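Data block below; observations after.
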Amino acid sequence: MLLQLKNVSKWVHSGGQKVFLLKDINFWVNEGDFISIMGPSGSGKSTLLNIIGMLDDFNEGEYTFLEEKVHSLKEKHRANLYKEYIGFVFQAYHLIDELTVKENLEMPLLYKKHSSSERKSLVADMLDRFNIVGKKDLFPSQLSGGQQQLVGVARALIASPKLILADEPTGNLNSKQGEEIMEIFTQLNKEGVTIIQVTHSEKNMAYGSRVINLLDGKME
Amino acid sequence: MLRHNLILFLRNIKKYKSTFLINTIGLSSGLACVLLIYLWVNDELKVDKFHDKDSRLYQVMVNNEQLNEINTWNGTPANLPKALNEEVPEIEIAVGGTDPDWSMGFDLSVEDKKLKAIGKFAGNEYFKLFSYDLIDGQIDNALSENNSIVISESLAQKLFNTTEDVIGKTIDWKSLNIESPATITAIFSDPPTNSTDQFDFILPFGLYKYVYGEGWENPNSVTYVLLKEGTDLESVNAKLAGFMKTKVTDTKTSLFLAKYSDNYLFGRYENGRQSGGRIDYVRLFSIIALFILAIACINFMNLSTAKASRRIKEIGIKKAIGAAKNTLIVQYLGESVLLSFLSLFVAILIVILFLPQFNQLTGKQILLRYDTSHVMIALGIAFFTGIVSGSYPSLYLSKFKPATILKGKLNRSISEFWIRKGLVVFQFTLSVILIASVLVVYKQMQFVHNKNLGYEKDNILLFDREGKTVEGLDTFLLEVKNIPGIINASAITNDILNAPGVDFKWAGQTSENNFSRFIVHYDFIETLGVELKEGRSFSRDFSDKESQIVLNETAVDIMGFKEPIGKKAKVWGKDVQIVGVVNDFHYKSLYEKVGPMFFHLDSSYLTNIVVKIKAGKEKETIAKLEHFYSQFNPGYVLEYKFLDQSYQKLYESENKVAVLSRYFAGIAILISCLGLLGLAAFTAEKKRKEISVRKVLGQSSTQVMLLLSKEFAKLVLVAILIALPVAYVLTSNWLSSFAYKIPLHFWYFASAGLIVMLIAMLTVGIQAIQAANKNPIHALREE
């Protein structure tokens, strides 16, 4: 088992009342899963994904990632954990505008203390694998949306994570570009990478092996 | 990682040029100010400290008890050094001498070469105390014979065009009515610029004693002391306090030692106690430097946090990818330190560019030399600036939660808002304080300059009485008065602004009194334009003898005479008669209250000739005077000074401070406004949508402009309200050292506030107009 959530709840206070963003979420993920989180806007999909990715915290419940109790870890330890095992892909790509494709790809490695030659070869591998060698010195603004998302996926993969979290990865792309990205995810999944994606689209959902449906912060 | 961060730093600079410019201009001008002030302070602190034995080098000071106060000066009797050497075992060497500015000026001649030079007298062991390098000759007994002279390198160059084979040559010197040949026994290197004693040659102190006498009553020389190592200053001072009583029974003077190198910075005494001096200005400027640096750092903080949204995405991503908080803090601190070093580089260029002007303003000769300690301090200041200005932004930026950032929501906390506002207020408070202070200093100096002193200081020329004017003074004065353009002429002993005090006694006197004495010739009172209150001035018609005096009002008040004319008094035991009373006039600086003084007619010992010239024709008249002088007194050059220049010299440091602080205040407000400009631009950008909606709903550009400006106007107003009381306290404190000063009007402070408000509003206004005049459609379409 890769991770498990037990009775996880998250709420905010609004006008003196508790508003639940997530309520009693229970599920587990095995290594090699390809899970789709579905649900309408505001149902808590992204919040759940962020909690799994340890970018956000929760108010109640337990979260175990590779036998580590995430909810009781210190921030530094938690950062080490997700740095090691988790890669993110965002709807809005979130590449750093001031860095070139090559430099953006290199960035996660900087925080993992790879040597310079290691970094170079890993970046070269990724550029190769995603067919973007010719784009390596371009800035994000010089790329199309599909290309940017390719870089986004490549960046998520470069540190060879066990788990990829994708928040509507095709949301800003046209259907052809979207298909390409989903193909890549399928391929990665076959190679053993666990994938959790948040999506609106039935078509994308079909790529996954399991679906979690959310409505108003609750699992259905 | 470093390379990556560097790339980000440089590309961000490229992308946001205006922010970068505001930051570098602000920081570099701030740093340039700080560096200049550092150089100045460093130079001030080093004055007179170059002597090897500095730590044991002292000067004898004299406290003189008056009726209500104790006056402090450095004049000691000429036989004090000898007595100290014999009677005080803690003293290794005591040496007598004179201050270079005490002398009346010397004319030197070698064969047909003639020139004026500044000389002092000093005892034979002078060079054992003071470190002036020997260039040629024998220093040990250089001043033991009364006919010897020790000259500086540059004087040797001037007289002989060389320093070689000069030893043993003879120089003829003249001062007043004394003339003598002297044999050069040694050549020393010129006193460095950071020496308060500046002189071209030294004559033996033995000669001084021979000419001017050794009496205990004549305190016109100075005494330098070298203490034995490990001596306790307190115990020596305890001994010296009563030392004069063992020599002169009814004396009211007591002696104490002050460190020789401290006299420059700690030169002011009030009631016998050390009460600051130039050190006050050293401290003041150090504080100003800190102020300016603080203002510049605040700019950086404000802009960095205000424009955080630009970097926030980068931070979010980095955090999501695995950057720890500390890594980010280090990155942003690194950026600000880097920017600070970049600004330091620009600042050094600015310093190099402005150093000549700065030297001119401060009267210094600071050179920018490579000096490890300077470099370390400059780097240290830059590093400190970088850390301080980067501290808040880096903490602020790195604490965001990545999830919220990446969602595009940036929850700006209330505290952040207040911190930024607080910083702007703080910045402008400092600016207002500086400007208000500058205004008050300016007004006081204007007051000092324009105050009716009770005499006319303008167009009065002073020059030495020498050569034929010694013998033929009356003929000279008579003929000078016939030169068209010359109103009057007379003579005086000593400088007008530096009249020494003497013991003054009269019938019915209750205590000993020290009155300032002006030893003058006929027509002096008229030449100076001092107004007569009663009685008469000195006149040849009354065949006045040298036993007659004219008092000022204060003197009459102290004596308590209802009808002073014709009454008798005693000066140094000799009878004098009062023939007139003049209105009080300011013969000292306005720091001091007008004291009791009198004019004493005595033609035997007049040192300076005083000439009053008609206004408007100064140049022609002086040319005529020079022509006449060269005919009357062949072999002498007319070297004159104006009285009003000497008057201005009394306020030399105040004038310098006035000018310097004006520049620094200007820079402070400039830097503050740069920051405001950045913030205003940012606010306009943030409120683009609000402005557009308002305009679509029918608000005019003017209303929108007001809306934007109002927010900043409030902050500046708060700053003004905080600053004014502080400025009031500071300036009234400064003014309190003046006996005569301007009243502190409210409008000085009000106008300082107004000036700052105006400049600030102008800065914001430009941004506001731009924002208000934009077509609202563009902004709304983006939504």
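Note that the coordinates shown come from a computational prediction; the quantities given were computed from them, not determined experimentally. Per chain, numbering begins at 1; letters A, B, ... match sequence-line order. Hydrogens, waters and symmetry mates are skipped; everything else that's a heavy atom, side chains included, is used.
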- Options A:L49, A:L95, A:L81, ranked by heavy-atom pairs under 4.5 Å with chain B, top entry: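 Heavy-atom pair counts peak at A:L95.
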- Leading residue by heavy atom contact count with chain B [cutoff under 4.5 Å; candidates A:L109, A:D97, A:I51]: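 Between A:L109, A:D97, A:I51, the count favours A:D97.
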Tell me, do [X] and [Y] make a side-chain contact under 4.5 Å, heavy atoms counted?
X      : Y      : value
B:R11  : A:T100 : yes
B:E314 : A:M107 : no
A:L99  : B:H4   : yes
B:K318 : A:I96  : yes

- Message: Looking at every non-hydrogen atom in both residues, tell me the closest pair between A:H94 and B:I317 and how far apart they are.
- Response: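 Heavy atoms only, the tightest pair is O-CD1, 2.8 Å.
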- Locate the shortest heavy-atom distance separating B:K319 from A:Y82; write the atom from each residue and the value.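 Result for this residue pair: O-OH, 2.6 Å.
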Looking at [X], I'd like to know if its [atom1] atom is crowded, meaning that more than 12 non-hydrogen atoms belonging to other residues, nucleotides or ligands lie closer than 6.0 Å.
X      : atom1 : result
A:N7   : CG    : yes
A:E67  : CD    : no
B:K15  : NZ    : yes
B:F426 : CZ    : no

- Message: With a 4.5 angstrom heavy-atom cut-off, is it the side chain or the backbone of A:F139 that approaches chain B, or both, or neither?
- Response: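 Side chain only.
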- Sort A:D57 into side chain, backbone, both or neither according to what part of it lies under 4.5 angstrom from a heavy atom of chain B.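 Just the side chain, heavy atoms under 4.5 Å.
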- Query: Could you give the distance from CD (A:E98) to CD1 (B:I13), rounded to the nearest 0.5 Å?
  - Reply: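 Atom-to-atom, A:E98:CD and B:I13:CD1 are 11.5 Å apart.
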